[in-house]
**Q** 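My structure is below; once you've seen it, I'll send some questions.
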Amino acid sequence: MVSPITQVQRHPLAAQTAQLLMGRIRDGEWPLGHRLPGETTLAAQLGVGRSTLREAIRELAGKGVLDSRQGAGVFVTALDAVEDWDTILRRTTIAAVIEARIAIEAEAAALAATRRTPADLRAIRRSLAARGVRGLPVPDHVDADAAFHRAVVVAAHNDVLTQLFDAFLPRLRLAMIDMLKIRPVPDEADHAAHQDLADAIADRNPAAAAAASRSHLSSLKESYS
């Protein structure tokens, strides 16, 4: 018999049930690919009605943890729920975000050097000129810099890389503004690093483009150390 401690005690029942199911999956009771017990058995174990159990299963299916297959049962398809980007980015550090940017942007720069079109190159050049304007207010400079980096990523012609880059921008923007107000980056050296990246893409040199992107972003990461 299942101990009462393992049963749902409070409302909302469906959310509580989903938490209990998730806990048992994390504990290894049902391995990846394993079929859960039948609906009647599982509902009795958890002390809830079948409709509540179905709602809990739908919740975990929406998170990619369970898969309900018609006529076959409910199967474990992941051992933990996938968190949304906002949740992940809210609790991470700026340095960790920049590390992820290095992985994304260095590859994007190499791809851009191979795949860029004349229109892509014009967009990169325009955004480079915009970020190089002297005397911009710090928020405007940060936005112009982001536009340059995004133009490089877009030139890679990989929608996944572009969406990943866009997910990081809100997390970095305010931090960059705060940092530059306290400790401005030397204009000449910083702009030269961006110029090197644009030139490597223009020259269709993937290795140089990736190296320029990685070097610049690694320096940015050090600024937060």
Side-chain angles (χ1 to χ4, degrees), residues 1-108 111 150 153 156 158-176 178 214 217-218 220-222 224-225:
M1 173 163 313
V2 178
S3 167
I5 294 176
T6 66
Q7 294 187 339
V8 177
Q9 302 293 327
R10 301 181 300 277
H11 295 283
L13 288 177
Q16 294 268 332
T17 304
Q19 290 175 5
L20 284 179
L21 289 173
M22 191 72 255
R24 291 170 72 173
I25 291 170
R26 289 189 182 115
D27 290 342
E29 183 172 345
W30 302 307
L32 192 65
H34 191 85
R35 184 170 63 84
L36 268 58
E39 190 177 87
T40 301
T41 300
L42 195 53
Q45 287 181 3
L46 296 169
V48 298
R50 293 169 66 180
S51 61
T52 298
L53 176 62
R54 291 189 198 113
E55 186 177 344
I57 288 172
R58 281 195 296 271
E59 178 180 332
L60 293 181
K63 295 179 178 179
V65 175
L66 297 177
D67 180 27
S68 184
R69 302 171 189 171
Q70 185 68 32
V74 178
F75 294 81
V76 177
T77 51
L79 300 181
D80 209 343
V82 177
E83 294 182 295
D84 60 62
W85 277 114
D86 287 343
T87 301
I88 295 170
L89 293 175
R90 272 198 302 270
R91 69 161 183 256
T92 197
T93 64
I94 296 299
V97 172
I98 296 174
E99 287 172 354
R101 280 189 63 187
I102 292 171
I104 291 167
E105 292 188 52
E107 178 62 18
L111 291 174
R150 190 177 192 278
V153 175
N158 183 309
D159 289 342
V160 177
L161 291 177
T162 301
Q163 290 183 37
L164 287 171
F165 177 84
D166 287 346
F168 294 137
L169 283 185
R171 180 72 176 94
L172 274 177
R173 184 178 185 273
L174 292 179
M176 285 291 297
D178 290 342
R214 182 177 296 277
L217 290 171
S218 294
L220 179 63
K221 178 188 169 184
E222 290 174 6
Y224 284 96
S225 301

**Q** Within a strict 4.5 Å, meaning less than it, do heavy atoms of the Arg150 and Asp166 side chains meet?
**A** yes
**Q** Does any non-hydrogen side-chain atom of Thr17 lie less than 4.5 Å from one of Glu59?
**A**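 Result no, sub-4.5 Å side-chain heavy-atom pair not found.
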**Q** How far apart are the closest heavy atoms of Ala156 and Leu111, and which atoms are they?
**A**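 Heavy atoms of Ala156 and Leu111 come nearest at CB-CB, 3.7 Å.
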**Q** When rounded to the nearest 0.5 angstrom, what distance separates CG in Leu217 from CD in Glu105?
**A** 5.0 Å
**Q** Test of understanding: with side-chain contact (heavy atoms from CB on, under 4.5 Å), list the residues that count as partners of Asp178, not counting sequence neighbours.
**A**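 Partners of Asp178 under the side-chain contact (heavy atoms from CB on, under 4.5 Å) test: none.
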**Q** Distance from Leu66 atom CG to Met22 atom CE, nearest 0.5 Å?
**A** 7.5 Å
**Q** Compare every heavy atom of Ala14 with every heavy atom of Glu55, then report the nearest pair and how far apart it is.
**A** CD-CB, 3.4 Å
**Q** When you compare the side chain of Val48 with that of Gln16, does any pair of heavy atoms fall below 4.5 Å?
**A**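 Not in contact.
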**Q** What is the distance from atom CG of Asp27 to atom CG of Leu79, rounded to the nearest 0.5 Å?
**A**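 The distance works out to 11.5 Å.
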**Q** Among residues at least two apart in sequence or on other chains, which ones pass side-chain contact (heavy atoms from CB on, under 4.5 Å) with Arg214?
**A** Ile102, Ala106, Ser218
**Q** Are the side chains of Arg101 and Leu172 in contact, using a 4.5 Å heavy-atom criterion?
**A**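 Side chain of Leu172 against side chain of Arg101, heavy atoms only: contact under 4.5 Å found.
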**Q** Quick one: closest heavy-atom pair of Pro31 and Val76, and the distance?
**A**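 In this case the closest contact between Pro31 and Val76 is O-CB, 3.5 Å.
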**Q** Measure the spacing between CG of Leu164 and CD of Glu107 and express it to the nearest 0.5 Å.
**A** 12.0 Å
**Q** Return the CD to CD1 distance between Gln163 and Ile104, rounded to the nearest 0.5 Å.
**A** 11.5 Å
**Q** Tell me the closest heavy-atom pair linking Phe75 and Gly33, and the distance in Å.
**A**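 Nearest heavy atoms, Phe75 then Gly33: CD2-O, 3.5 Å.
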**Q** Looking at residues at least two apart in the chain, or sitting in another chain, which of them share a side chain to side chain donor-acceptor pair (under 3.5 Å) with Arg58?
**A**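 Side chain to side chain donor-acceptor pair (under 3.5 Å) check on Arg58 returns nothing, list empty.
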**Q** Which distance, rounded to the nearest 0.5 Å, do you find between the CG of Leu20 and the CD of Gln45?
**A**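 These two atoms lie 11.0 Å from each other.
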**Q** Is the count of non-hydrogen atoms from other residues, nucleotides or ligands lying under 6.0 Å from Arg26 atom CZ greater than 12?
**A** yes
**Q** Checking side chain to side chain contact (heavy atoms under 4.5 Å, CB included) between Val74 and each of Asp67, Leu36, Leu60, Leu53, which is the one that passes?
**A** Leu36
**Q** What heavy-atom pair brings Arg50 and Ala43 nearest, and what distance separates the two atoms?
**A** CG-CB, 4.2 Å
**Q** At their closest point, which heavy atom of Gly64 faces which heavy atom of Ala78, and how far apart are they?
**A**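 Taking every non-hydrogen atom into account, O-CB, 3.3 Å.
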**Q** Give the C-alpha distance, both sets of side-chain angles, the deciding distance and a yes or no for side-chain contact (heavy atoms from CB on, under 4.5 Å) between Leu21 and Val65.
**A** CA-CA 10 Å; Leu21 289 173; Val65 175; over 6 Å; no
